[in-house]
Amino acid sequence: MLYDPSAFEQKWRDIWEEKGLHHAVKNDKRPKYYCLDMFPYPSGEGLHVGHWRGYVLSDVVSRYMTLNGYQVLHPMGWDAFGLPAENAAIKKKIHPVDQTLAATTNMRRQLKDMGSMYDWEREVNSSTPEYYKWTQWTFLKAYELGLAYKKDSPINWCPSCATGLADEEVKDGRCERCDSVVTKKNLSQWFFAISKYAQRLIDDIKDLDWPEKVKKMQTDWIGRSEGAKVTFKLEGCEDTLEIFTTRPDTLYGVSYMVLAPEHELVAKLTSDAQREEVEKYVAYASTKSAVERQERREKTGVFTGAYALNPVNGQKVPIWIADYVLMDYGTGAIMAVPAHDERDWEFAKAFNLPIRQVVMSAAQAEALRKDGIDFSDSQAVDKAWQEKFGAEPYEEAYCEYGVMVNSQEFSGCKTEEGKKAVIAKLEKAGIGKAVVNYRLRDWLISRQRYWGAPIPMVYCDKCGIVPVPEDQLPVLLPHVKSYEPSGTGASPLAAIDSFVNTACPKCGAPAKRDTDTLSQWICSSWYYLRYASYDCKDKAWRREDIDYWNPVDLYVGGIEHAVLHLLYSRFYTKMFYDLGLVGFKEPFKRLFNQGMITRMANSGRLEKMSKSKGNSVNPDDLVKKYGTDALRSYLLFIGPPEMDAEWNDSGIEGVYRWLRRVWTLVTEGEITEGAEKDGEVLKVSHKYIKRVNEDLSRLHLNTMVASLMEWANFLIGRKAPVSRETVEQYLIMLAPVAPHMAEELWAFLGHKEGLFESRPAWPQHEEKHLHEDDFNLVVQINGKVRENVRVSKALSKEELEEVIKARPKIAAALEGKTLRKVVYVPGKLMNLVVG
RNA sequence: GGGCGGGUGGCGGAAUCGGUAGACGCGUUGGUCUUAGGAGCCAAUGAUUAAGUUCGUAAGGGUUCGAGCCCCUUCCCGCCCACCA
């Protein structure tokens with residue numbers, strides 16, 4: 001029979017849909033498995049084969065789990081709000097609602113063509129009022145918990161997207177979406193206090209079954225560092241200056257201070273003589289974007305004319321301003337220790353500031369120890385160090401740990417211990433304390449764009465900021481013709497009077513709505529909960545639904561979300577946990593990041609597949625030519641799923657041929673009824689059953705397909721009848737990869753009920769079939785393979801030695817040599833070491 | 001500059017533990033079938049050699065009976081972070 005996938009693939013998709021096989025229902029007799037794909041944004045360009053890679057992987061797992069008796073939830077939906085969708089709509093001059101509808105219609109059709117077992121009844125679309133009503137509700141919950149606050153501050157501003165951005169959305173000083181250089185803008189904006197959760201986000205990630213790379217990226221992004229806050233007195237001024245340092249042990253080496261140009265004390269401190277120069281520098285620094293800052297590595301800065309006093313030795317040190325100190329990290333001010341910090345070193349060199357060494361290297365300490373210096377006598381240490389090393393030229397900053405020197409009573413103390421000792425001294429004096437500082441900053445969630453969920457807040461002259469009561473949700477996004485961003489920092493919604501003007505929910509007086517919309521990252525921070533309780537009308541979710549389905553067992557998606565979506569979702573889950581709304585602290589138990597599909601682009605380089613780069617491959621054409629099963633198989637076979645893989649147009653031919661050969665074997669070969677009786681077939685089949693199961697459990701789906709190919713090659717190559725049992729085992733294991741063909745052949749074998757409907761037992765290998773009396777002994781001489789000998793497993797090492805020594809080839813090699821050693825790896829290899 | 005991955009035939013990639021390097025597939029070559037073949041089927045396919053052999057996992061060194069795998073040095077590619085005090 002001819003292998004013609006177009007003749008049956010659609011038929012089976014219709015049958016699965018008709019019978020509701022993909023609809024996940026709670027079933028307490030079966031264990032549940034929640035397999036989730038990161039939902040895509042509805043792009044007018046549709047899906048290319050790069051998108052399919054992750055979806056095929058999650059579908060194979062879902063189908064595998066289904067056939068293994070699990071109740072599987074495998075949903076799909078649309079991350080429809082947000083910049084990409086809105087920009088696409090603007091470009092096409094259509095309304096985002098229409099653009100979304102057109103794109104989802106096309107993409108849903110494409111996803112159905114994949115044969116994925118998505119439960120379409122649970123489909124969500126984040127841009128529908130039914131969904132964003134609850135997105136707004138999550139904002140109110142955050143507000144209720146004190147996690148949402150409004151702040152007037154300089155924010156990341158993308159001039160091209162005309163909206164504020166969260167720190168996570170800025171990459172290399174550029175907008176993550178459009179690559180424009182990000183600037184700063186002063187706006188009053190809503191933030192989520194994600195930094196309050198910094199420690200919990202670090203602690204709980206450790207136990208997750210996630211790629212170490214992602215865990216590390218996220219942990220580094222949160223950026224915990226331990227150190228001290230130290231208060232410096234200022235000369236001739238009542239104010240004090242607070243700094244953060246991770247090296248309190250170098251406090252005696254401070255030779256100047258630096259404030260960020262934006263620091264609030266700058267104006268106050270600056271002397272009249274320096275004022276003009278300082279103001280010029282502040283103005284200059286404010287115009288520089290993050291990108292420009294990176295381009296110029298030479299240090300710049302200006303002396304303020306003011307001095308601070310070192311709290312431990314009273315030394316007078318000059319205060320400078322420089323843009324290498326960042327306003328939004330630590331306290332926006334540092335103590336500079338050029339001898340032991342590279343950046344301070346460069347600055348001190350550039351401006352000829354003093355450099356004082358207060359840490360000696362481990363080598364220097366060792367030399368002093370050899371001289372018999374008593375490290376508990378700090379004066380002796382200072383004296384000895386001065387005599388031996390004091391005159392040594394100092395070529396660069398010494399940033400390692402070592403032993404303190406020139407540090408009064410701390411000299412001779414190891415720096416690790418010195419940290420604690422210095423902090424203790426500062427604490428006692430009330431001018432410092434140990435603190436933990438995080439790099440993670442609060443999450444900016446206001447967007448000055450139209451296509452998002454309106455922030456459910458009202459401003460009343462009398463009552464101030466008033467949250468919209470839950471029963472008045474959703475705050476509907478008005479349907480308007482003109483929605484382009486204003487670019488001024490005001491949201492397009494601000495120009496719509498009927499939207500802006502409302503009554504205060506508290507006092508009823510005329511009031512105004514917040515006109516910004518919520519970042520689309522909020523929509524995707526809770527959708528995995530909505531899938532579990534998709535039909536709940538009066539709440540975001542029913543507790544019993546999420547108690548059954550959540551957390552997600554396997555989450556599949558791209559690594560680009562390592563510190564965006566995945567961080568936000570974890571934060572949101574912890575917030576819900578604190579509110580008692582969910583019973584778990586982490587949303588995704590296991591994470592899998594599929595690699596990109598690359599292909600030669602217009603640029604002449606291998607690049608990630610995308611329509612704009614001119615290197616995308618449309619799955620629709622391939623489905624037409626080879627069928628869905630072949631495309632699915634090729635996307636698995638192309639390489640290790642977690643690694644990038646290069647698309648090869650002729651690669652799909654290979655898997656297509658394999659499927660066709662299997663098809664021919666079943667439809668044209670002779671199949672004997674009943675169990676497998678041929679010992680050779682049993683042995684080989686069970687070897688492959690074992691291999692396929694191992695590959696599946698480790699998600700090595702490329703070698704899983706290779707194993708299935710080898711198994712088929714064996715069965716076909718025998719040119720002998722195959723038993724029904726073996727064929728059925730093969731089809732069941734093929735089913736997750738090529739479900740349509742597996743079903744069609746299952747029916748061909750006479751089954752009345754479909755394969756996925758009846759869920760036949762998943763094959764497990766039996767050790768007894770794998771047992772062999774003989775094995776291939778690899779014979780090596782001095783580590784080089786000389787021969788392969790078929791021998792009995794019953795033979796001892798000594799007996800085997802006799803056997804191989806009798807082989808002419810080996811005997812010849814041993815002739816005239818002394819046998820020094822025999823290494824035997826039982827059941828595998830024997831190495832004769834001769835000299 | 002820092003961190004994390006990688007580097008294996010003409011190509012994509014195999015190789016659970018340190019034990020036959022190159023599975024599987026593409027491509028190529030030859031054969032077969034055919035009116036035809038850009039279909040199918042069969043066979044060969046790391047380099048070298050007439051063969052035995054020898055050489056081969058980015059380069060160099062080390063540990064080991066034995067190294068793609070472990071250790072050291074260097075080079076190249078990718079990703080992430082980047083003046084984070």
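We name chains A, B, ... by the order of the sequence lines, and we start the count at 1 in each one.
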Euclidean distance for [atom1], [N] against [M] (whole angstrom):
N     : M     : atom1 : answer
B:G12 : B:G46 : C1'   : 16 Å
B:C79 : B:C65 : P     : 43 Å
B:C69 : B:A14 : C1'   : 14 Å
B:C11 : B:U45 : C1'   : 14 Å
B:G25 : B:G13 : C1'   : 9 Å
B:U49 : B:C55 : C1'   : 11 Å
B:U57 : B:G7  : P     : 13 Å
B:C72 : B:A85 : C1'   : 34 Å

Side chain of [X]: nearest nucleotide among [options]?
X        : options             : result
A:Arg439 : B:A23, B:A82, B:C42 : B:A82
A:Trp221 : B:U53, B:A85, B:C81 : B:C81
A:Met709 : B:C24, B:C83, B:U54 : B:C24
A:Arg786 : B:C42, B:C65, B:U54 : B:U54
A:Val778 : B:G19, B:A85, B:U20 : B:U20
A:Val325 : B:A85, B:U20, B:C79 : B:A85
A:Arg660 : B:A82, B:A39, B:C80 : B:A39
A:Lys216 : B:G19, B:U54, B:C4  : B:C4

Identify all pairs in which a protein N or O lies below 3.5 Å from an N or O of nucleotides 12-17 of chain B, and state each distance.
unit_1 : atom_1 : unit_2   : atom_2 : d
B:G12  : O2'    : A:Ile638 : O      : 2.9
B:A14  : OP1    : A:Asn702 : ND2    : 2.9
B:U16  : O2     : A:Arg698 : NH1    : 2.1
B:U16  : O2     : A:Arg698 : NH2    : 3.0
B:U16  : N3     : A:Arg698 : NH2    : 3.4
B:U16  : O4     : A:Glu694 : OE1    : 2.5

### Message
Please find the pair of heavy atoms, one from A:Val435 and one from A:Lys229, that lie closest to each other, and give the distance.
### Response
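Looking at all heavy atoms of both residues, the shortest contact is CG2-N, 3.7 Å.
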Nearest-Å distance, [atom1] ([X]) to [atom2] ([N])?
X        : N     : atom1 : atom2 : answer
A:Leu251 : B:A85 : CG    : C1'   : 13 Å
A:Tyr626 : B:C26 : OH    : P     : 12 Å
A:Lys215 : B:C80 : NZ    : P     : 21 Å
A:Leu829 : B:A21 : CG    : P     : 10 Å
A:Asp328 : B:A85 : CG    : P     : 13 Å
A:Ile804 : B:U20 : CD1   : C1'   : 14 Å
A:Leu708 : B:G25 : CG    : P     : 12 Å
A:Trp647 : B:C11 : CH2   : C1'   : 15 Å

For [N], take OP1 and OP2 only and decide whether either is under 4.0 Å from a side-chain N or O of [X].
X        : N     : value
A:Arg661 : B:G40 : no
A:Lys821 : B:C65 : yes
A:Arg657 : B:G25 : no

Side-chain donor-acceptor pair under 3.5 Å between [X] and [Y], yes or no?
X        : Y        : result
A:Thr300 : A:Tyr281 : yes
A:Tyr398 : A:Gln357 : no
A:Gln218 : A:Trp210 : no
A:Ser195 : A:Asp442 : yes
A:Glu168 : A:Trp221 : yes
A:Gln315 : A:Tyr252 : no

### Message
Please confirm whether the ring centroid of A:Tyr634 lies under 6.0 Å from the ring centroid of A:Phe637.
### Response
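Judged by ring-centre distance (under 6.0 Å), A:Tyr634 and A:Phe637 do not meet the cut-off.
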### Task
Would you please indicate yes or no on a ring centroid separation below 6.0 angstrom for A:Tyr656 and A:Trp663?
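So the answer is no for these two rings.
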### Message
Looking at A:Lys793 and A:Phe775, would you say the former's side chain and the latter's main chain have a donor-acceptor pair under 3.5 Å?
### Response
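Flag not set: sc A:Lys793 to bb A:Phe775 has no pair under 3.5 Å.
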### Query
Do side-chain atoms of A:Thr304 reach the backbone of A:Ile319 as a donor and acceptor pair under 3.5 angstrom?
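Yes; judged by distance alone, with no hydrogens or angles, the pair exists.
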### Message
Between B:C83 and A:Lys299, counting only base atoms on the nucleotide and side-chain atoms on the residue, is there a donor-acceptor pair under 3.5 Å?
### Response
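Looking at the base of B:C83, it does pair with a donor or acceptor on the side chain of A:Lys299 (distance under 3.5 Å).
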Determine the contact category for [X]: base if any of its heavy atoms lies under 4.0 Å from a base atom, sugar-phosphate if only primed atoms, P, OP1 or OP2 are that close, otherwise nothing.
X        : value
A:Gln780 : base
A:Arg820 : nothing
A:Asp344 : nothing
A:Asn831 : base

#### Entry: Nearest-nucleotide comparison on RNA chain B, the residue closer to the 5′ end among A:Ile559 and A:Ser707
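Upstream on the strand: A:Ser707.
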### Task
Would you kindly compare A:Trp658 and A:Gly223 by the position of their nearest RNA chain B nucleotide and give the one closer to the 5′ end?
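That would be A:Trp658.
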#### Entry: A:Glu710 vs A:Arg691, salt bridge (charged side-chain N to carboxylate O under 4.0 Å, His left out): CA-CA, chis, key distance, verdict
CA-CA 11 Å; A:Glu710 285 180 55; A:Arg691 277 225 324 237; 3.0 Å; yes
### Task
Would you mind calling B:C41 syn or anti? Take O4'-C1'-N9-C4 for purines or O4'-C1'-N1-C2 for pyrimidines, and syn is within 90° of 0.
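Anti, since the glycosidic angle lies more than 90° from 0.
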### Message
Which is it for B:G78, anti or syn, if anything within 90° of zero counts as syn?
### Response
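Anti.
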### Message
Show me the dot-bracket string of RNA chain B, counting Watson-Crick or G-U pairs under 3.5 Å, with | for pairs to another strand and [ ] for crossing ones.
### Response
(((((((..(((......[....)))((((((.......))))))((......))..(((((..]....))))))))))))....
### Query
Looking at A:Phe347, is A:Lys299 sitting on its ring face, NZ or CZ under 6.0 Å from the six-membered ring centre and within 45 degrees of the normal?
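Checked: cation-pi criterion not met.
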